[in-house]
Amino acid sequence: MSFIVSKFKCKGITFFSLLHVTHYSSRFSTAAVASIEPKIPPDLSSCIVQDKDLLLKSLNPSGTGLHVLDLVDEGSLEPHPTLYHLLLKKCTFLRKPKLGKIVHAHISNSHFRGDVVILNTLLNMYAKCGCLDDARNLFDEMSVKDMVTWTTLITAYSQHDRPLDALLLFPQMLSLGFFPNEFTLSSLLKASAALPDTPQIYFHGAQLHGFSFKCGFHSNVYVGSSLLDMYARCGCMDEAHFVFDVLPTKNEVSWNALIADHARKGQLDRALSLFLKMLRQDFQPTHFTFSSIFGACASTGSLEQGKWVHAHVIKSGGEIIAFMGNTLLHMYAKSGSIQDAKMIFDRLVKRDLVSWNSMLTAYAQHGLGKEAVQCFQKMLNIGLVPNDITFLCLLTACSRAGLLEEGQYYFKSMNRYNIEPGISHYVTIVDLLGRAGLLNEALRFINEMPIQPTAAVWGALLGACRMHKNVEMGSFAAERVFELDPHDSGPHVLLSNIYASGNRWRDAAKVRKLMKESGVKKEPACSWVEIQNTVHMFVASDDSHPQMGAIYKKWEEISARIKEIGYVPDTSHVLFYMDEQEREVKLQYHSEKLALAFALLNSPDGSTIRIKKNIRVCGDCHSAFKFVSKVVGREIIVRDTNRFHHFYDGSCSCGNFW
DNA sequence: GTAGGGTTAG
């Protein structure tokens, strides 16, 4: 038997690729079955080899058929451990457990049915393909197990979000006399870090730390990285830093783990300083690094820092792949630049469903409902199948933009894609109807829902009642919210506002009393603005800022100018009972107004002002900002918890839907 | 033959 095999080297490993087998030419004529790593291009310097072992090394299942197993069935080829090993590797790589099952059947009928190394590879194939039941059955059936068998199953559970199952195997493994290695411990630590609450993470994690220390595995870079991540996830940042500092060898992953931990906590400064330190020590940032940092920039709305890190991505010459690109897109959208978000979307090398969902979200946040609908249609046209989040994004976009009919249409169309609406979809539809003023329809919709309405559902109706000043339905909705979630301050404030806007001060006071009695605390409103890389934060009636005198004076000047062109303070947004003049004074010093006055004093004429707020922008400030954008001739972008408002030339992009 | 870090809504 003779065949042509191409032999090539890549990363120091020699690969063999079967190009042609003369004896089985009908089967293999096109089967230039590449290496284990199919992306590696075979070198063309092929040679003629007459070596059966080489053939075995070269064979891999390609396409749909496992031709090589047919050869075994026919008796043309002796079964060989390397053959099974390569076939299983291929199935694992391609995530094709069905093909793997065929190999499994073959192994069961061969001499190797009890070979622990082959069975471990088989176990790993099931594990990596997510077939945890098959993996468990195989594990239970294996009469001979070794430490790798236990580690493979522990890793399987740990990687598929079943941390308790992974951790439960550990004492069993120990009691049977198997000793863990660094592989086992890094997987166990990952599992402990994924437990649902902080004390549990610490309880299991710290014990595993002790175990690792005793065995000397704590200095292994894999163990160290999962160890520091575990500490960070239960809030022990000092311990996480300690583990990192004493780690004798660090790599990109250990750096990324620490950066990601700070980023997740919204500690952008810490994340950025670690990023710089990483660069200075000649470690290459990866997609993981960038992705974490963009996530932190998105949550704090730090456009400038985000742009700076984006510049690093460009400098490093890497392509913007979906995983990192999606976070970058999200970062631009969430820190106020829809243009940049769209540009990233257009430049993404390969878009996935998350990319499209992120773009839809971006449009929703900026009130661009029509663009969202077009985007959704485009994704259907290219054959992408939407998921539940896609619809959530799309419905939110419709709701925010007041696209009533479109929203209802798309909600109904969900069953075409076999997507059962979840509670969030129902909330969005109540919001959609409510914003459009169809309060009775919204109430009917809630009563006819097939699932139990939650506090969020009634909260959406309550918000709509505030918007449309419906006191009766508002207090009814608020009662339902209080029953279901008595500790949220938002609905109390909304109800109090509803009463205040209807001049029912006694009722408003009752709500405040209720809040006090039940210990519900209102989150203090604050707004912040970034000027020359410094974040300046303001709370209402604050006078702690060094420029406060000038800020108050500036606002008084602006206030007088906007009153001349028609601004009338809407005092219903003040929660307390006080006389009209007092209430107007209170309104003057809402945090967003202070932030705006400060920005006007400290930024160049004509430049865009970006303000962020931790709760929804108040109605009076919203009205005032429209006038301000006109008198100062500047674009003002406000990000509140819900969406963006682009104020320009006397109007706002939200079209008063918010 | 077995390992650690990253995304979208609210």
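Treat the numbers as computed from the prediction; the structure is a model and nothing was measured.
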Inset, instruction - Please tell me which of the listed nucleotides, B:dG10, B:dT8, B:dT2, lies nearest to the side chain of A:Asn357? - result: B:dT8
Inset, instruction - Looking only at side-chain atoms of A:Thr155, point me to the closest of B:dT2, B:dT7, B:dA9. - result: B:dT2
Inset, instruction - Output yes when at least one side-chain N/O atom of A:Lys190 is less than 4.0 Å from OP1 or OP2 of B:dT2, else no. - result: no
Legend entry - Distance in angstrom units between A:Ile259 CD1 and B:dG6 C1', rounded: 12 Å
Legend entry - A:Arg264 side chain, from C-beta outward: closest of B:dT7, B:dG6, B:dA9: B:dG6
Inset, instruction - Grab the CG-P distance between A:Leu227 and B:dA3 for me, whole Å please. - result: 19 Å
Inset, instruction - Using a 4.0 Å heavy-atom cut-off across all strands, classify A:Asn251 as base, sugar-phosphate, or nothing. - result: base
Legend entry - Nucleotide nearest A:Ser358 when distance is taken to its side chain, options B:dG10, B:dG6, B:dT8: B:dT8
Legend entry - Spacing of A:Met324 atom CE relative to B:dG6 atom P, expressed in whole Å: 16 Å
Inset, instruction - Return the nearest nucleotide to the side chain of A:His330; candidates are B:dA9, B:dG6, B:dA3. - result: B:dA9
Legend entry - Rounded distance in Å - CZ (A:Phe391) to C1' (B:dA9): 15 Å
Inset, instruction - Check whether any side-chain N or O of A:Lys128 sits under 4.0 Å from OP1 or OP2 of B:dA3, and answer yes or no. - result: yes
Inset, instruction - For the residue pair A:Phe178 and A:Trp150, categorise the inter-ring angle as parallel (less than 30°), tilted (30 to 60°) or perpendicular (more than 60°). - result: tilted
Inset, instruction - Measure the distance between the ring centre of A:Phe290 and the centre of the six-membered base ring of B:dG6, then answer whether it is under 5.5 Å with planes under 30°. - result: no
Legend entry - Per A:Tyr222 side chain, nearest of listed nucleotides B:dA3, B:dG6, B:dA9: B:dA3
Inset, instruction - Check whether any side-chain N or O of A:Gln159 sits under 4.0 Å from OP1 or OP2 of B:dG4, and answer yes or no. - result: yes
Inset, instruction - Looking at every strand, decide which applies to A:Asp261 at a 4.0 Å heavy-atom threshold: base, sugar-phosphate, or nothing. - result: nothing
Inset, instruction - Select one nucleotide: of B:dT7, B:dA3, B:dT2, the one nearest the side-chain heavy atoms of A:Asn220. - result: B:dA3
Inset, instruction - Take the angle between the ring planes of A:Phe213 and A:His218 and call it parallel below 30°, perpendicular above 60°, tilted in between. - result: tilted
Inset, instruction - For A:Asp146, report the nucleic acid contact type (base, sugar-phosphate, nothing); a contact means any heavy atom under 4.0 Å. - result: base
Inset, instruction - Flag this pair as yes if the NZ/CZ of A:Lys250 is under 6.0 angstrom from the six-membered ring centre of A:Phe283 and inside a 45 degree cone about the axis; otherwise no. - result: no
Inset, instruction - Measure distances between side-chain N and O atoms of A:Ser186 and base N and O atoms of B:dG4, and say whether any donor-acceptor pair falls under 3.5 Å. - result: no
Inset, instruction - Mind checking A:Thr151 for me? I need base, sugar-phosphate or nothing, with any heavy atom below 4.0 Å counting as a touch. - result: base
Inset, instruction - In whole angstrom, give the distance that lies between atom CG of A:Asp640 and atom P of B:dG10. - result: 12 Å
Inset, instruction - Tell me what A:Ser355 touches on the nucleic acid: a base, only sugar-phosphate, or nothing, going by heavy atoms under 4.0 Å. - result: nothing
Inset, instruction - May I ask you to test the A:Tyr231-A:Tyr202 pair for a side-chain heavy-atom distance under 4.5 Å? - result: yes
Legend entry - CG-CZ distance between A:Leu432 and A:Arg400, expressed to the nearest 0.5 angstrom: 11.5 Å
Inset, instruction - Assign A:Ser225 to base, sugar-phosphate, or nothing according to its heavy-atom contacts below 4.0 angstrom with the strands shown. - result: base
Inset, instruction - Output the single nucleotide from B:dG4, B:dT8, B:dT2 whose closest atom is nearest the side chain of A:Ser226. - result: B:dG4
Legend entry - Length of the line joining A:Leu394:CG and B:dA9:P, which is rounded to integer Å: 15 Å
Inset, instruction - Remember a base hit wins even if backbone is also touched, and classify A:Val221 as base, sugar-phosphate or nothing at under 4.0 Å, heavy atoms. - result: base
Legend entry - A:Tyr222/A:Phe217 aromatic ring centres below 6.0 Å: no
Inset, instruction - Compare the minimum distances between each of B:dT8, B:dA3, B:dG6 and the side chain of A:Thr361, then state the nucleotide with the smallest one. - result: B:dT8
Legend entry - Whole-Å gap separating C1' (B:dA3) and NE2 (A:His160): 14 Å
Inset, instruction - Kindly point out which of B:dT7, B:dT2, B:dG6 is positioned nearest to the side chain of A:Thr327? - result: B:dT7
Inset, instruction - State whether A:Arg400 places a side-chain N or O below 4.0 Å from either non-bridging phosphate oxygen (OP1 or OP2) of B:dG10. - result: yes
Legend entry - Among A:His310, A:Lys307, A:Gln339, side chain to side chain donor-acceptor pair (under 3.5 Å) partner for A:Tyr332: A:His310
Inset, instruction - Mind checking A:Arg351 for me? I need base, sugar-phosphate or nothing, with any heavy atom below 4.0 Å counting as a touch. - result: nothing
Inset, instruction - Calculate the interatomic distance between A:Leu258 atom CG and B:dG6 atom P; express it in whole Å. - result: 12 Å
